[in-house]
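Counting starts at 1 for both ligands and their atoms, in listed order.
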Amino acid sequence: MSDLGRLEDLPADYVAALRALNLVPLWPSLRAVMPAAKPQPRTVPTAWSYAALKPLLLRAGELTPIEKAERRVLVLANPGHTLEKMQASSAIYLGMQLLLPGEWAPSHRHTPNAVRMVVEGEGAWTTVEGEKCVMHRGDLILTPTGLWHEHGHDGDQPVVWLDVLDLPLVYYLEASYHVTGQRQAQQAAHGERSHLRAGVAPTPVFERTKRAYPLLRYPWAEVKAALSSLAADQPDLESVTVTYLNPETGGDALAILGFYALMLRPGQTLALPARSPASVFHVVEGGAEVKVAGKSFTLAEADTCCAPGYEAVVLRNRSSSAPAFVFVADEAPLHRKLGVYEVRG
Ligand code: GTQ
């Protein structure tokens, strides 16, 4: 590959004349914005230990009342993007949120899409457009773009969950904003009771619902059972993985980020091909080793790591006797919509 001309090779008066007119020569920067063969991601493989961050999150509970924080969150920031940017990858934001007994995180809605993966503690709930979604360990709760949501806690121990948002992308698009609102009246609707049933959907007077997001809570018990049956029914299946779907469309649960759960059989090593989207791995049950781009992370339950796109990932179950369950988030729906999705094999 030939080197293109450098900015320093141009006469200073010429560069100054360009700058005065808000003009920039492309060729000195062309290779930086379109590197050869493969992107040069800022996202670096990074892991966050739950045991290490939990005391600091609990300390935030002592230092900052919920009224002062609105959302009490420690952001899992990728140093490759600089910590101030608060991003795990170019499109993914991760945060560990703490809610203490009796606290209420007030109602708001915003343009970024969010999901919560419950990490620890019982008794919390998220109300989404009036639908009360109880939060048990491993449950996935959606708060899609534009929908009102608030969090409450009737239990007696701290509750922690992992927030996954497409905030970095929506912020980059200059489309990120929020609106605050009143406490929501709770309805008796439970999407997971009407929609999370094998192959059927509510059809009043033979019309399907027009709600864009009919299912807001994916109970871990159901997802784990689906993975366990899949593994039992197909002993030769290597990648025991399910996708969180919108049950009305059969498409991804949300428009920008994709969400999956996978089971590693006892002792299993699973090689995932290099794909264009960046991804996040969060251990729900068991322990896993994650190898990506020359780095290796040993993850325990509730630990989280991120991997840049265009890199193969190897997952290994640390136990030879018990399965491990991993929640995965990636940028695949976005890449597919943009037409840039690739599997490199
Ligand atoms: O719980 O609504 O981690 O609005 C970041 C922004 C959580 C939330 C975050 C949010 C929320």
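- Hydrophobic clustering places Leu227 together with Tyr218 (ILVMFWY residues linked when any side-chain heavy atoms are closer than 4.5 Å, directly or through intermediates).
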(message) Is there a salt bridge (charged side-chain N to carboxylate O under 4.0 Å, His left out) between Asp139 and Arg116? Walk through the geometry before answering.
(response) CA-CA 8 Å; Asp139 289 354; Arg116 341 267 156 201; over 6 Å; no
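- Residue contact annotation: His178 has no non-hydrogen atom under 4.0 Å from ligand 1.
- For the side-chain hydrogen bond (donor to acceptor under 3.5 Å, both in side chains) test with Glu311, the passing option among Lys295, Arg275, Lys38 is Lys38; the others fail.
- Given atom 5 (C) of ligand 1, the protein heavy atom at minimum distance is Tyr93 OH, 3.5 Å.
- Near Val73, the atoms of ligand 1 lying under 4.0 angstrom from a non-hydrogen atom of the residue are 3 (O).
- The protein atom (non-hydrogen) at minimum distance from atom 7 (C) of ligand 1 is Asp163 OD2, 3.3 Å.
- Set against the non-hydrogen atoms of His151, the atoms of ligand 1 under 4.0 Å away are 1 (O), 2 (O), 8 (C).
- In this structure, His110 has its ring center under 6.0 Å from that of His108.
- The protein non-hydrogen atom at the shortest distance from atom 6 (C) of ligand 1 is Leu165 CD2, 4.0 Å.
- In this structure, Val15 and Leu7 have side chains that are in contact, with non-hydrogen atoms separated by less than 4.5 Å.
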(request) Please lay out, stage by stage, how Glu248 and Arg211 fare under the test salt bridge (charged side-chain N to carboxylate O under 4.0 Å, His left out). (result) CA-CA 9 Å; Glu248 287 287 344; Arg211 287 172 64 196; over 6 Å; no
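- The single protein non-hydrogen atom nearest to atom 8 (C) of ligand 1 is Arg71 NE, 2.9 Å, given as residue, atom name and distance.
- Near Arg116, the atoms of ligand 1 lying under 4.0 angstrom from a non-hydrogen atom of the residue are 1 (O), 2 (O), 7 (C), 8 (C), 11 (C).
- Counting only heavy atoms from C-beta outward, the side chains of Arg197 and Val200 approach each other to under 4.5 Å.
- Using a 4.0 Å cutoff on heavy atoms, Glu70 does not count as a contact of ligand 1.
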